[in-house]
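What follows is one structure encoded as structure tokens, with my remarks underneath.
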Amino acid sequence: MTILTNMAIGVELPNGHAQRDQPRQQQQQVNMPGSTTLSMSERSGYSRWAGDVDNIDLQIAPKEPGSEGWFSGRKGLVLRILVLGTLFVFGLILGYVIRRSTHGVPSKVLDSLQQDYRQDISQQLMLNMRAENIESNLRWLTNQSHVGGSDESYNMARTIRQKLKDFGFDATQLKRYKVLLSYPDRSKPNTVSFVEGDNTLFHTTGQQYSDPSLLQPYNAYSPNGTVEGKLVYANYGRMEDFKRLVDKGINCTGRIVIMRYGKIYRGDKVEHAAAAGAIGVVLYSDPADYAIHGSNDTYNVSWWLPRDGVQTGDIRAGMGDPLTPMYPAIDNVARLNESDANLPTIPSQPISYKDAEQFLNMLDGQIAPIDWKGGIKNVEYRLDQTDNNDRKMKLEVNNKRVTKSIYNVIGTIRGAVEPDRYVIVGNHRDAWTYGAIDPSSGTACFLELARALGQMVQSGWRPRRTIILASWGAEEFGTIGSTEWVEENINELTEKAVAYLNIDAAVNGNQTLWVGASPHLSQVIQEAAKQVPCPHHKGMSVYQQWAKSLPEEPRKSDSPPKVLSLHNGVKRSDWDAFLLLAGISSLDVSYTKDPNLNVPFYPVYHTQYETFDYMKRFIDPDFSVHLGTVRVLGETALRLADSFVLPMNCSLYADALSKYVSDLETHYRKRNLHDNLFLGYLKHAVSQFSQASETMQEVIATADRTNPLLIRSHNDKLMQMERHMLNPSGLPGRPQYRHLVFAPSQHDSYSGATFPGVVDAIEEGDWVAAHQQLSIITVTIESAAKNMDDGAIKGP
Ligand SMILES: [Zn+2]
């Protein structure tokens, strides 16, 4: 590719290669290729990740005696005088030059400070990425299972780090945390059976895999134990499902509850059952949701879930290592006792629909409501057992909770102009099985983006801001790798992170782009999608196909595509801690199935059938969908990293806030919201925020672009805006959830609630708490508006 020169004035051309092959000791000196001569010091912004470091602990090597360095002692005094003298003379010259140039900045330096997003760079990045590379990445990633905490996942992390080095990244790290994980015990399989007296009538240990690297299906963090009780069927296990059981006079106390996967997060199903008094839970995937054409039309014939497919998954609330909430799981941090940690309280186990048939047929009580009926052919779908049915379900769980090392790989491309501003792209690496979709379709894309960016760096290009690529460990156990990293680096990220872009199950369907984002990031990703050709339709862009499949306003022919908010559009993933704990604006991008197909996610989600063959035959045979997805991601990252003025639009945030307020009103109209809660102050705060953001966007649009400090101060406001939506003490009882606008709802961690503090309080019928939370939100939004407006220094 062409070597670009516009940013090179005043900046030495970087040489990514030279650095990476040098021995570690040398790298620990300040060894920055290229250095700007003006205000934005890359040293201060960058020193944390300089060099190749196995683990952050290793960075601080003890000093040897007598090696105090050049600047100490008598010899040092002379040197210091010399250096200070040189700096003084240099300062005089610089001062003279500055006085003679625009806004005090010499014009050559000004050019470099104005480095901006460029179409030719964008084109080059697109062209650098190749479908065949993504395909071979996926083939490699899926050739064995790689669950969090395993040797396979560790080896994969080391290889990925080596790849980033080879691609030309300035610095790479392998960052370790020691966290509490949970596995099934191969020698004592979990069993589900039904018994009558001493007789076992049916017994299953689920799938026994021939591949020894595969774990047996289980629910991570389920407590161990053997429980026995009568069975109740609770549909999807939502709050309303349990309410319906109560209405029908069915008591779950002392019983085991069987529920189907789908609609809400599995951990919440278990929690709801425990709250209803149940002593155990069995989860299964119903063909009505996972094999809609019946069990003959399943994988290997089509993409639907076979009869013996079992969905594994964790069932814990919260994020990160369970024993170190709010703090990184590094050696010197104190751990909670397991008994004090927020862990599930009743045993649970997933099974296949082949096995579920046996248990559902045990039920002979009330017939289930029509909308509770699933798709297993020989099952009537009843709710409970009659009094004279003495059969009982017996559930035995033998999981092991163990402390394990997990690893993040962090790769950095240093920014040329603003190295202390970070655009972070992350993907998790661990998978429950082979992970062809979750997360390896994302990892295959991530690696190709890394290669393409590295290729450009090696040709002499450098982004305006620093780009960080992160491969997270142990996401499946509750976004652990990313959360620990955010907790460890929270101050640095609070000050420097522009945005976090997540890619997880990147290609889980082949119909349309699917994006969840902080409201003020929706424009940049829409613009990015306009630049990318649609994988299937010649002459169309990804944007056009997306707008057609998922229009924001379905009645309008030219409607833009819908960007969902992260909390209700995207399953939990590594953006959790970035957005909800640290207030870093985030987005998540993937390609998905037809949104009108009313089934939960893709059918083989988290099962043994997530294989390369499945992806190749049923989702993306030529990997063009992968290519389209990663191009949108790469283009978005480029725009955020390279644009002189950050492409974030706070007016869109304001629009979203107004919509959330009116949604809140509509949703609770039936509950007499207005008699209990006065929303006037909140509405006023939102309108202040709207005005301030509109004014700010106008000021930015007309700002003097020859004044880089002014632009930088506007950019900082855009970058920090979401941070101002945090409440430092978090939601009641949930200190990790500090975002006042978005958070998973207490009762469904997948779907989440806007203004969760208020919503949870209303759900619990606590109007005093609701009032308290409402006032916190109001003050917070007012304060965010003031900051946009420089309200503290303006008169009334
Ligand atoms: Zn995932």
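Everything numeric here is computed off the predicted structure, so don't read it as measured data. In each ligand, atom 1 is the first atom listed, and ligand 1 is the first ligand listed.
Of all protein N/O/S atoms, those under 2.8 Å from the Zn ion (ligand 1) are His428 NE2, Asp438 OD1, Asp504 OD1, Asp504 OD2, and waters are not counted.
Few gaps surround CZ on Arg186; more than 12 heavy atoms of other groups in view lie less than 6.0 Å from it.
Ring orientation note: the planes of Tyr605 and Tyr602 are nearly perpendicular, at an angle over 60° on the 30°/60° scale. Ring geometry for Tyr154 versus Tyr407: interplanar angle of 30 to 60°, hence tilted. Relative orientation of the Phe578 and Trp472 rings is tilted, given thresholds of 30° and 60° on the angle between their planes.
Geometrically, Lys163 does not engage Phe167 in a cation-pi contact, judged by NZ or CZ lying under 6.0 Å from the ring centre and within 45° of the ring axis.
With a 4.5 Å cut-off on side-chain heavy atoms, Asn508 and Asp438 do not count as touching.
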